[in-house]
Amino acid sequence: MNDELNIQAEAIVGCALALLNENNGSLSFKQREVVKTILANAEQLIHLYAAFQSVPPEKVSASLRHELGNPLTPILGYSDLLAMGAIGLLSDIQRGYVQLICDSTEQLRALIEQRVAEARRCAALAS
């Protein structure tokens, strides 16, 4: 699962960087700030998950879902705003990047839920 999480997190970072560096269809100032926020939250998620990787499943606290979910919420919220055009219109290429961010964020949410479920099973077996 760690590889899957890394793939999805790297996809978000890669798409955000592509949006910021794209020469065709420049982003507005507001759009750039939103993408920077998405990028910052993706990087926060990567750092948080790295800390949890060393924790055995039976020792994972109930707060794992909450702590790892914190950066996912703004990533998904801001990417949805971008996708809807609420902050300005995007080119087809930009919409593709934003859709990949949305898809990867949903995959990350599912992976985190899976990790939490595994931790609960391990804790139940240990008691």
Side-chain angles (χ1 to χ4, degrees):
M1 181 168 67
N2 293 339
D3 289 340
E4 291 178 61
L5 186 131
N6 289 331
I7 289 168
Q8 299 305 324
E10 288 174 13
I12 293 170
V13 170
C15 288
L17 289 173
L19 283 165
L20 291 173
N21 296 324
E22 184 185 359
N23 292 328
N24 295 337
S26 298
L27 297 175
S28 71
F29 175 78
K30 285 184 181 180
Q31 289 170 324
R32 289 183 68 75
E33 292 304 305
V34 165
V35 173
K36 288 178 185 177
T37 302
I38 289 170
L39 183 59
N41 279 280
E43 290 171 346
Q44 179 186 12
L45 173 74
I46 291 167
H47 292 295
L48 283 171
Y49 195 76
F52 281 108
Q53 282 181 301
S54 62
V55 178
E58 65 275 5
K59 300 282 185 181
V60 172
S61 70
S63 66
L64 171 68
R65 184 175 159 274
H66 177 73
E67 288 183 48
L68 290 175
N70 280 343
L72 290 178
T73 301
I75 293 170
L76 191 57
Y78 284 128
S79 59
D80 282 345
L81 287 173
L82 286 169
M84 293 184 309
I87 308 172
L89 298 177
L90 298 173
S91 71
D92 290 342
I93 292 170
Q94 291 168 332
R95 277 194 303 279
Y97 288 135
V98 170
Q99 187 58 53
L100 286 171
I101 291 171
C102 291
D103 294 346
S104 292
T105 304
E106 290 297 340
Q107 288 292 323
L108 283 170
R109 191 179 306 275
L111 290 168
I112 291 167
E113 291 293 335
Q114 181 182 350
R115 175 74 193 265
V116 169
E118 288 172 6
R120 286 183 182 150
R121 281 193 297 276
C122 286
L125 292 173
S127 59

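The shown structure was predicted, so the numbers you read here are calculated from the model rather than taken from an experiment. Values below: all heavy atoms of this structure, side chains included; hydrogens, waters and symmetry mates excluded.
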Following the transitive rule for hydrophobic clusters with a side-chain heavy-atom cut-off under 4.5 Å over Ile, Leu, Val, Met, Phe, Trp and Tyr, establish whether Tyr78 and Leu20 coincide in one cluster.
-> yes
Any residue meeting side-chain hydrogen bond (donor to acceptor under 3.5 Å, both in side chains) with Gln107, in chain and number order, not counting sequence neighbours = none
Rounded to the nearest 0.5 Å, how far does CD of Gln8 lie from CG of Leu45?
-> 11.0 Å
Should Val34 and Val13 be counted in the same cluster of Ile, Leu, Val, Met, Phe, Trp and Tyr side chains packed under 4.5 Å apart?
-> yes
Per side-chain contact (heavy atoms from CB on, under 4.5 Å), Leu76 is matched among Leu81, Ile101, Thr105 by Thr105
Would a distance-only check, ignoring hydrogens and angles, find a side-chain to backbone donor-acceptor pair under 3.5 Å from Arg32 to Leu27?
-> no
Do any N or O atoms from the side chain of Gln31 and from the backbone of Gly88 form a donor-acceptor pair under 3.5 angstrom?
-> yes
Give a yes or no on whether Leu89 and Ile87 share a hydrophobic cluster (residues Ile, Leu, Val, Met, Phe, Trp, Tyr; joining criterion: side-chain heavy atoms under 4.5 Å apart).
-> no
How would you list, by chain and number, every residue that makes a side-chain hydrogen bond (donor to acceptor under 3.5 Å, both in side chains) with Gln99, sequence neighbours excluded?
-> Asp103
Partner of Val98 by side-chain contact (heavy atoms from CB on, under 4.5 Å), out of Val35, Ile93, Ile38, Leu90 | Leu90
Distance-minimising heavy-atom pair for Gln44 and Pro71 = OE1-CB, 3.9 Å
Passing candidate, side-chain contact (heavy atoms from CB on, under 4.5 Å) with Leu68, options Leu5, Leu108, Leu111, Leu48 = Leu48
Looking at CZ of Arg109 and CD1 of Ile112, how far apart are the two atoms once the value is rounded to the nearest 0.5 Å?
-> 8.0 Å
Atom OG of Ser91 and atom CG of Leu19: how far apart are they, to the nearest 0.5 Å?
-> 8.5 Å
What is the distance from atom CG of Asn6 to atom CD1 of Ile46, rounded to the nearest 0.5 Å?
-> 7.5 Å
CD1-CG distance between Ile12 and Asn41, expressed to the nearest 0.5 angstrom = 10.0 Å
Calculate, to the nearest 0.5 Å, the distance between atoms CD and CD1 belonging to Glu106 and Ile75 respectively.
-> 11.5 Å
Electrostatic pair Lys30:Glu33 at N-O distance under 4.0 angstrom | no
